[in-house]
Trainee: 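Quick one: structure below, then a few questions.
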Amino acid sequence: MSDINGSNKLKQDIINKAKEMGANIIGFASVDRWDEFKETSPEYFPQNIWPETKSIIVLGIQIFLPMLETTPSIVYSELYNTTNRLLDETAYKLANYLNTLGHRAFYFPRDGYGDISILVKKPAAAFSHVLAGKYAGLGTIGYNHTLLTKEFGPRVRLVSVLTDAVIEPDELLNKDLCIKCEMCKRCCPASVYTTTETLIANMDKKKCAEYHSKLKDAYAYPCGVCIKVCPIGEDRKIYGNNAKKYLNEKQALATCEGIEEYAGWIHARNHGSKEVKSE
Ligand code: SF4
Ligand code: SF4
């Protein structure tokens with residue numbers, strides 16, 4: 001009984017600490033979930049990366065929709081860099097905090113590639129925070145391969161802290177959040193999703209990385225259109241959802257018809273980065 005109480009107290013302390021440091025969402029997974037679901041090869045399991053791992057703490061930081069909507073732009077690029085920095089800093093401090101309580105811990109960085117050219121050749125990351133987020137009960141994986149959360153849909157960036165502390169895992173979500181509307185597929189500027197009978201699409205990751213390479217050269221990296229247009233997430237209650245505007249964007253920009261609606265996004269794109277030629 002005292003162990004359970006101790007574990008619950010540790011969990012609550014971690015939640016409080018992470019929130020204080022800026023995390024919007026926090027979830028806990030036990031290491032055996034990778035073994036139970038076997039959705040990736042064993043070398044990508046956290047217990048393979050660090051055999052002492054018992055629990056994985058996943059932290060999420062939101063992406064503000066109005067900034068994302070300007071993509072490809074320096075505005076979204078800077079937001080992306082800021083969330084990345086915040087995530088790594090928060091995870092670093094949380095691992096430090098666990099050390100002060102006598103637990104071994106470290107964080108696995110949120111991205112983990114030297115340059116986009118590496119992703120063109122090797123699109124897989126050494127550790128999937130998306131899978132960790134699912135196993136920590138934060139969301140479910142959508143058609144577009146991202147973690148869809150109740151709070152922010154896919155507009156959330158993730159990082160994971162690995163620790164030897166035994167912490168009660170969170171329940172997994174029992175219903176998929178993706179409604180398979182295929183907005184992500186219809187709006188993807190590189191047409192990387194191919195039709196699939198399954199919920200999660202077949203996706204040409206190399207093609208996505210190649211498009212990103214182009215954006216990087218223009219200082220307008222990353223793309224993010226597939227998370228911009230997704231209707232899922234309570235953040236839509238604040239910012240709204242103009243699906244028609246998303247769907248008509250490409251044609252309006254190409255023909256200049258009804259372009260006034262996009263003036264703010266165009267303005268952001270015209271400053272601080274090079275022009276990105278459409279695919
Ligand atoms: S845009 Fe639609 S299909 Fe794509 S991930 Fe979101 S809910 Fe699923
Ligand atoms: S990031 Fe952009 S190019 Fe890649 S899948 Fe999403 S919408 Fe398509």
Side-chain angles (χ1 to χ4, degrees), residues 62-63 65 67-73 75-77 79-81 83-84 110-111 113 116-120 122-125 128-131 133-134 138-158 173 175-218 220-237 239-250 253 265 269 273 276-279:
Q62 72 160 313
I63 292 171
L65 183 63
M67 295 172 84
L68 169 63
E69 283 180 328
T70 66
T71 190
S73 72
V75 175
Y76 177 48
S77 195
L79 172 68
Y80 185 80
N81 293 335
T83 53
N84 282 349
R110 72 296 144 339
D111 272 344
Y113 55 89
I116 196 72
S117 58
I118 312 276
L119 281 190
V120 173
K122 290 192 283 181
S128 169
H129 300 293
V130 168
L131 214 47
K134 173 183 165 179
L138 290 178
T140 62
I141 300 176
Y143 181 85
N144 63 6
H145 291 226
T146 65
L147 186 78
L148 269 53
T149 64
K150 284 183 183 159
E151 296 85 350
F152 307 107
R155 290 167 295 280
V156 65
R157 301 271 305 142
L158 305 165
L173 297 193
K175 191 171 176 297
D176 279 306
L177 295 177
C178 176
I179 54 172
K180 216 175 172 193
C181 64
E182 298 197 3
M183 279 290 289
C184 49
K185 182 183 177 196
R186 291 165 78 186
C187 297
C188 171
S191 308
V192 310
Y193 301 109
T194 51
T195 309
T196 175
E197 295 310 310
T198 54
L199 177 72
I200 300 172
N202 292 326
M203 178 182 173
D204 187 339
K205 290 189 177 169
K206 187 169 181 281
K207 217 167 155 191
C208 174
E210 280 166 352
Y211 179 61
H212 276 95
S213 187
K214 203 163 117 177
L215 296 182
K216 192 125 200 179
D217 290 343
Y221 167 95
C223 165
V225 169
C226 51
I227 64 170
K228 154 179 159 172
V229 301
C230 179
I232 307 302
E234 283 163 10
D235 58 338
R236 291 278 180 204
K237 288 185 190 156
Y239 295 115
N241 183 24
N242 192 341
K244 207 167 149 211
K245 185 173 176 181
Y246 297 148
L247 287 169
N248 292 345
E249 182 177 359
K250 206 171 176 178
L253 298 192
W265 299 355
R269 288 169 197 165
S273 47
V276 179
K277 298 259 182 302
S278 53
E279 289 288 286

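For ligands, and for the atoms within them, numbers begin at 1 and follow the listed sequence. Quick caveat: nothing in here was measured; it's all calculated off a predicted structure.
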Trainee: Taking the side chain as every heavy atom from C-beta outward, state whether T140 and K175 have any atom pair closer than 4.5 Å.
Mentor: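 Not in contact.
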
Trainee: Using side chain to side chain contact (heavy atoms under 4.5 Å, CB included), reason through Y193 and N144 one step at a time and then give a plain yes or no.
Mentor: CA-CA 8 Å; Y193 301 109; N144 63 6; 3.2 Å; yes

Trainee: Aromatic rings Y221 and H212: how do their planes relate, parallel, tilted or perpendicular, breaks at 30° and 60°?
Mentor: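 Ring orientation of Y221 relative to H212: perpendicular.
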
Trainee: What count do you get for protein N, O or S atoms closer to atom 2 (Fe) of ligand 1 than 2.8 Å?
Mentor: 1

Trainee: Under 2.8 Å from atom 4 (Fe) of ligand 2, which protein N, O or S atoms are there? Could you list them by chain and number?
Mentor: C208 SG

Trainee: Flag the pair R110 / L158 as yes when at least one side-chain heavy-atom distance between them is below 4.5 Å, and no otherwise.
Mentor: no

Trainee: Output yes when a side-chain donor or acceptor of K180 lies under 3.5 Å from a complementary backbone atom of T198, and no otherwise.
Mentor: yes

Trainee: Identify the residue among R186, K228, K244 that makes a salt bridge (Lys or Arg N to Asp or Glu O under 4.0 Å) with E249.
Mentor: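 Per the salt bridge (Lys or Arg N to Asp or Glu O under 4.0 Å) rule, the option paired with E249 is K228, out of R186, K228, K244.
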
Trainee: Check the pair D204 / T194 against side chain to side chain contact (heavy atoms under 4.5 Å, CB included), numbers first and verdict last.
Mentor: CA-CA 8 Å; D204 187 339; T194 51; over 6 Å; no

Trainee: Can you tell if the side chain of S273 reaches within under 4.5 Å of the side chain of P72, non-hydrogen atoms only?
Mentor: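 No - every pair of side-chain heavy atoms lies 4.5 Å or more apart.
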
Trainee: Is it true that K214 and E210 make a salt bridge, defined as a side-chain N closer than 4.0 Å to a carboxylate O?
Mentor: no

Trainee: Quick one: does E151's side chain get under 4.5 Å of V156's, heavy atoms only?
Mentor: no

Trainee: Which atoms of ligand 2 have any heavy atom of Y193 under 4.0 Å away?
Mentor: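 Reading through ligand 2 atom by atom, the close ones are 5 (S), 6 (Fe).
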
